[in-house]
Structure formats: structure tokens, C-alpha cells
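As a basis for the values below, the full set of heavy atoms in this structure was taken, side chains included, without hydrogen atoms, waters or symmetry mates. We count residues from 1, following the sequence as given.
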Amino acid sequence: MGWLLILFIVVPAIEIFFLIEVGAVIGTMNTIMAIIATGVLGAHYARQQGIEVLTRLQRSMGEGKPPAGELIDGAMLLIGGAFLVTPGFVTDAAGFALILPFTRALIKRQVVEFIRRKIERGDIQIRRF
């Protein structure tokens, strides 16, 4: 319930606040243009990074290595791309953090550590085929 509250009430409220504040400083049209520009730029860069991750995934599978890292990168790019096409500056910041390679690597370490702890506690079980 807590995550849904944040997702559907708190995040949009924060976005509206920042849109109003930025609009008051730089003007309505400049704010709209900034939102459009970050969406277009972010979608383009997310696509470019997605192709790179897909290439690494195919290479890993061709070498017989498990592509776990590439799958996490792909999921982060998908979420980041969705954030970037959502109007607002807070979601844009989160989206860019997920698609830029250096920040994605930092976040990825945290995600991997979170998953590792869940597996060790037994909250997540791995099935082998």
C-alpha cells in the first residue's frame, strides 16, 4: 500500500509543484519545451543504450554465460525510459539516473545487493532447470 500511495499521489504532487515553480521562473512555454526536450533526448538515449545492452546480452548468451547483469540493465533501461516519457522533472531525473551508464552501474550494485539479501533470507527462491 505504501508504494502505491507514493506512486500515485506523492510523486505526481511533487511533479506538479516543480512544474509550477520552474514555470514561474522560466515561463510556461520554456517549461513545456524543457519537458518535451528531455523526453525526446531521454527516449533517444534509452534506445541507444538498449541496443548496446541487447548486443551484450546476445554476446553473453553466445558465449554460454548467464546474462544476469544484462537483464538487470535492460530492466533498468525500460523503467528509465518510461520515467523519461512521463512529463515532469523528478521522473526525468530518475529516468536519466537509470539510463546513464555510470549512474546505472551504481544503482545496479544496490539492486544486486538487495536481491542477494532477499535470496539469503529465503524471500526469493531460485529454481534450476
Side-chain angles (χ1 to χ4, degrees):
M1 175 67 177
W3 287 106
L4 288 176
L5 179 70
I6 291 170
L7 185 63
F8 292 114
I9 296 174
V10 176
V11 171
I14 292 169
E15 289 289 12
I16 291 168
F17 171 79
F18 277 107
L19 289 170
I20 292 169
E21 291 298 314
V22 171
V25 173
I26 67 172
T28 304
M29 287 310 293
N30 287 334
T31 302
I32 292 170
M33 295 306 291
I35 291 168
I36 292 170
T38 56
V40 170
L41 178 67
H44 172 73
Y45 193 67
R47 182 178 183 272
Q48 186 180 34
Q49 288 294 301
I51 291 169
E52 182 181 312
V53 168
L54 184 59
T55 302
R56 286 194 345 249
L57 179 109
Q58 290 172 334
R59 187 178 324 121
S60 290
M61 292 180 66
E63 295 171 356
K65 297 177 186 174
E70 290 80 5
L71 291 174
I72 293 172
D73 280 331
M76 292 173 72
L77 285 169
L78 182 66
I79 294 167
F83 281 163
L84 285 166
V85 297
T86 302
F89 296 113
V90 175
T91 51
D92 284 349
F96 278 115
L98 290 170
I99 68 166
L100 294 173
F102 59 93
T103 52
R104 187 172 68 237
L106 296 172
I107 297 168
K108 182 177 169 182
R109 274 190 234 129
Q110 297 294 321
V111 168
V112 168
E113 181 61 25
F114 175 79
I115 293 170
R116 186 189 62 73
R117 283 195 312 268
K118 290 282 198 180
I119 290 171
E120 287 176 354
R121 285 196 314 226
D123 295 341
I124 298 174
Q125 296 180 1
I126 299 175
R127 295 185 182 175
R128 304 219 186 256
F129 295 100

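Using a 4.5 Å cut-off on side-chain heavy atoms (C-beta onward), Leu54 and Ile51 make no contact. Annotation: side chain of Arg59 is in contact with side chain of Thr55 (closest heavy-atom distance under 4.5 Å).
For the pair Ile107 and Ala97, the tightest heavy-atom approach, listed with the atom from each and the gap, is CD1-O, 3.7 Å. Counting all heavy atoms, side chain and backbone alike, Ser60 lies closest to Glu70 at OG-OE2, 3.2 Å. Minimum heavy-atom separation, Met61 to Pro67: CG-CG, 3.9 Å. Contact detail for Arg104 and Asp73: the closest heavy-atom pair is NE-OD1, 3.2 Å. For the residue pair Ile35 and Thr38, the shortest heavy atom distance occurs at O-OG1, 3.0 Å.
Within a 6.0 Å sphere centred on CZ of Phe89, heavy atoms belonging to other residues, nucleotides or ligands number more than 12.
Atom CD1 in Ile14 sits 12.0 Å away from atom CG in Leu19 (nearest 0.5 Å).
Remark: Glu113 engages Arg116 in a side chain to side chain donor-acceptor pair (under 3.5 Å) (not counting sequence neighbours).
Hydrophobic clustering (ILVMFWY, side-chain heavy atoms < 4.5 Å, transitive): Val112 and Ile79 are in one cluster. Note on Ile36: it clusters hydrophobically with Met29, by side-chain heavy-atom contacts below 4.5 Å among ILVMFWY residues. A continuous path of hydrophobic side-chain contacts links Val90 to Phe17 [ILVMFWY only; heavy atoms under 4.5 Å]. The hydrophobic clustering, which links ILVMFWY residues whose side-chain heavy atoms are closer than 4.5 Å, places Ile32 and Val40 together. Leu98 and Val111 fall within the same hydrophobic cluster, defined by Ile, Leu, Val, Met, Phe, Trp and Tyr side-chain heavy atoms under 4.5 Å apart, directly or through other members.
In the hydrophobic clustering, Phe96 connects to Leu41, Tyr45, Val53, Leu77, Leu84, Ile99, Leu100, Phe102, either directly or through intervening members, whenever side-chain heavy atoms lie under 4.5 Å apart.
Formation of a donor-acceptor pair under 3.5 Å by the Thr86 side chain with backbone atoms of Thr91 is not found in this model. Distance alone, capped at 3.5 Å, is enough to place a donor-acceptor pair between the Lys108 side chain and the Gly69 backbone. With hydrogens and angles disregarded, no donor-acceptor distance shorter than 3.5 Å links the side chain of Gln49 to the backbone of Pro101.
Applying the salt bridge (Lys or Arg N to Asp or Glu O under 4.0 Å) rule to pairs touching residues 37-52 yields Glu52-Arg56, sequence neighbours excluded.
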| message | Using the rule given for side-chain contact (heavy atoms from CB on, under 4.5 Å), can you reason through Lys118 versus Phe114, listing the C-alpha separation, both sets of side-chain angles and the distance that settles it, and then say yes or no? | response | CA-CA 6 Å; Lys118 290 282 198 180; Phe114 175 79; 3.3 Å; yes

